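First comes the structure, then the notes that go with it.
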Amino acid sequence: MKELQFHRHRRLRQTANLRAMVRETHLHVEDLIYPIFVVEGEQVRQEVASMPGVYQLSLDYLNDEIAEVVELGIKSVIVFGVPREKDEVGSQAYCEHGIVQQAIRQIKENYPELVVIADTCLCEYTSHGHCGVVENEQVLNDPSLELLVKTAVSQAKAGADIIAPSNMMDGFVAAIRQGLDEAGFVHVPIMSYAIKYASAFYGPFRDAANSSPQFGDRKTYQMDPANRLEAFREAESDVREGADFLMVKPALAYLDIIRDIKNHFHLPLVAYNVSGEYSMIKAAAQNGWIDEKAIVLEMLTGMKRAGADLILTYFAKDVARWLKEK
């Protein structure tokens, strides 16, 4: 044994406090963005069947939800809307009295310091379930931009602190930036869903937002999961067009992309811990197969270690409670 030469890495792992002293990556409640689904009507608090613990909420239940979020120390929420009526052009997305616009005004009136992010897309509002204008079952890029700009401006007028376009139309950041600036919202940042893959992990979200496509799929505008270099091209375009944040969606199967984007761009980076990732853990935990708390904290820490500055996650309230326990 005296002739062996090796490093004793275990010296720094001997106790919990020693391990904490040398820990490289930390998860904070300030890192979390909590998604909220608002619906029209009254006394609606409907649990999403495929997402245990996630609810569709009418506005009369929204204040209680936001009060809990604020009490837990979460600093930001993103609002998704589920309208009562849909049409071919998603007109409720940019209606002054649309459900998201109402929710934003209500939140900002009662909790002005909370950062409210507006998801800017059309899929929840269109009768065909696609993220843009459709003609002959083709999603048209440039006509879609006009409606996305109208949506973003209406959300900013309602009081949104951040506009988060998720549609993956070419030029969407440039169009929305111009539209916001011309409407007097130069100060409102854009959190771009810059790198959004055509993923099977989105299934439960489509239950929550009632946004499944009525024909085809979204592979002509969302990215091929097999592609890495394409992510650089998408991010570079959005940075050049004026994005203030970049997002990678999904997160768990794309940690390499998160690290790539973090290494090459210097904007705040958001990882979207999507619905399928949430539901898999919830299902396994309910069957007693895994330790939910340990798995979630390890997973989100992995996203931070990969390079995410912020994590949009349905686990946000649970994580905030667990972090308080430490």
Side-chain angles (χ1 to χ4, degrees), residues 33-42 44 55-70 74-87 89-126 131-132 144-167 169 172-173 175-193 208-211 242-245 247 270 310 312 316:
I33 301 170
Y34 184 57
I36 293 177
F37 296 93
V38 289
V39 300
E40 298 188 62
E42 296 181 352
V44 178
Y55 294 84
Q56 295 177 333
L57 300 170
S58 53
L59 296 180
D60 48 336
Y61 281 109
L62 181 59
N63 284 353
D64 289 342
E65 181 77 354
I66 297 299
E68 182 182 17
V69 167
V70 171
I74 296 169
K75 305 300 182 186
S76 59
V77 297
I78 184 166
V79 183
F80 298 92
V82 184
R84 182 180 288 117
E85 297 180 359
K86 304 186 180 192
D87 57 34
V89 292
S91 58
Q92 287 299 305
Y94 42 86
C95 174
E96 180 182 353
H97 302 293
I99 185 61
V100 162
Q101 287 78 359
Q102 292 183 60
I104 292 169
R105 284 192 289 268
Q106 182 172 318
I107 295 170
K108 295 303 291 185
E109 180 179 349
N110 291 284
Y111 298 93
E113 297 304 315
L114 186 68
V115 176
V116 178
I117 306 166
D119 177 75
T120 305
C121 197
L122 300 176
C123 61
E124 298 106 303
Y125 306 92
T126 54
C131 303
S144 300
L145 296 180
E146 298 178 17
L147 300 185
L148 292 167
V149 170
K150 291 174 66 174
T151 302
V153 170
S154 73
Q155 293 167 338
K157 285 181 178 178
D161 297 293
I162 299 172
I163 297 299
S166 59
N167 52 88
M169 296 296 111
F172 69 99
V173 173
I176 289 172
R177 183 72 274 159
Q178 179 178 302
L180 289 173
D181 291 354
E182 290 177 352
F185 297 104
V186 178
H187 62 285
V188 174
I190 295 175
M191 179 183 287
S192 172
Y193 286 63
N210 297 347
S211 62
D244 300 282
F245 301 78
M247 185 187 296
V270 184
L310 300 165
L312 200 165

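Model, not experiment: these values are computed from the prediction.
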Of all heavy-atom pairs linking Lys86 and Thr126, the shortest is CD-O, 3.6 Å
Go through the structure and list residues passing side-chain hydrogen bond (donor to acceptor under 3.5 Å, both in side chains) with Asp60, not counting sequence neighbours.
Ser58
List in chain and number order the residues that pass side-chain hydrogen bond (donor to acceptor under 3.5 Å, both in side chains) with Lys108, two or more places apart in sequence or in another chain; answer none if no residue qualifies.
Asp161
Only counting residues at least two apart or in another chain, list the ones meeting side-chain contact (heavy atoms from CB on, under 4.5 Å) with Ala67.
Tyr111
Any residue meeting side-chain hydrogen bond (donor to acceptor under 3.5 Å, both in side chains) with Thr151, in chain and number order, not counting sequence neighbours:
none
For the residue pair Pro35 and Ile33, establish whether any side-chain heavy-atom pair is separated by less than 4.5 Å.
no
With sequence neighbours excluded, what pairs up with Ile99 under the side-chain contact (heavy atoms from CB on, under 4.5 Å) test?
Val38, Glu40, Leu59
Provide the closest heavy-atom pair for Ile163 versus Pro165 in the form atom of the first, atom of the second, distance.
O-CD, 3.3 Å
Residue list, salt bridge (charged side-chain N to carboxylate O under 4.0 Å, His left out) with Glu68, at least two apart or on another chain:
Lys317, Arg321
Salt bridge (charged side-chain N to carboxylate O under 4.0 Å, His left out) involving Asp181 - partner list, sequence neighbours excluded:
Arg177
Counting C-beta onward and ignoring hydrogens, is there a side-chain heavy-atom pair between Phe80 and Val100 closer than 4.5 Å?
no
Between Pro83 and Glu124 the two heavy atoms that sit nearest each other are CD-O, 3.4 Å
When rounded to the nearest 0.5 angstrom, what distance separates CG in Leu114 from CD1 in Ile66?
6.0 Å
side-chain hydrogen bond (donor to acceptor under 3.5 Å, both in side chains) partners of Tyr34, counting only residues at least two apart
Glu65
Any residue meeting side-chain contact (heavy atoms from CB on, under 4.5 Å) with Lys75, in chain and number order, not counting sequence neighbours
Glu30
Could you name each residue pair satisfying side-chain hydrogen bond (donor to acceptor under 3.5 Å, both in side chains) that touches residues 98-107, not counting sequence neighbours?
Asn63-Gln106, Gln101-Ser154
Atom of Ala93, atom of Leu122 and distance for their closest heavy-atom approach:
CB-CD2, 3.8 Å
Sorted by chain and number, sequence neighbours left out, side-chain contact (heavy atoms from CB on, under 4.5 Å) with Ser166 holds for Asp119, Cys121, Tyr193, Lys196
Of all heavy-atom pairs between Ala118 and Ile104, which one has the smallest distance, and what is that distance?
CB-CD1, 3.9 Å
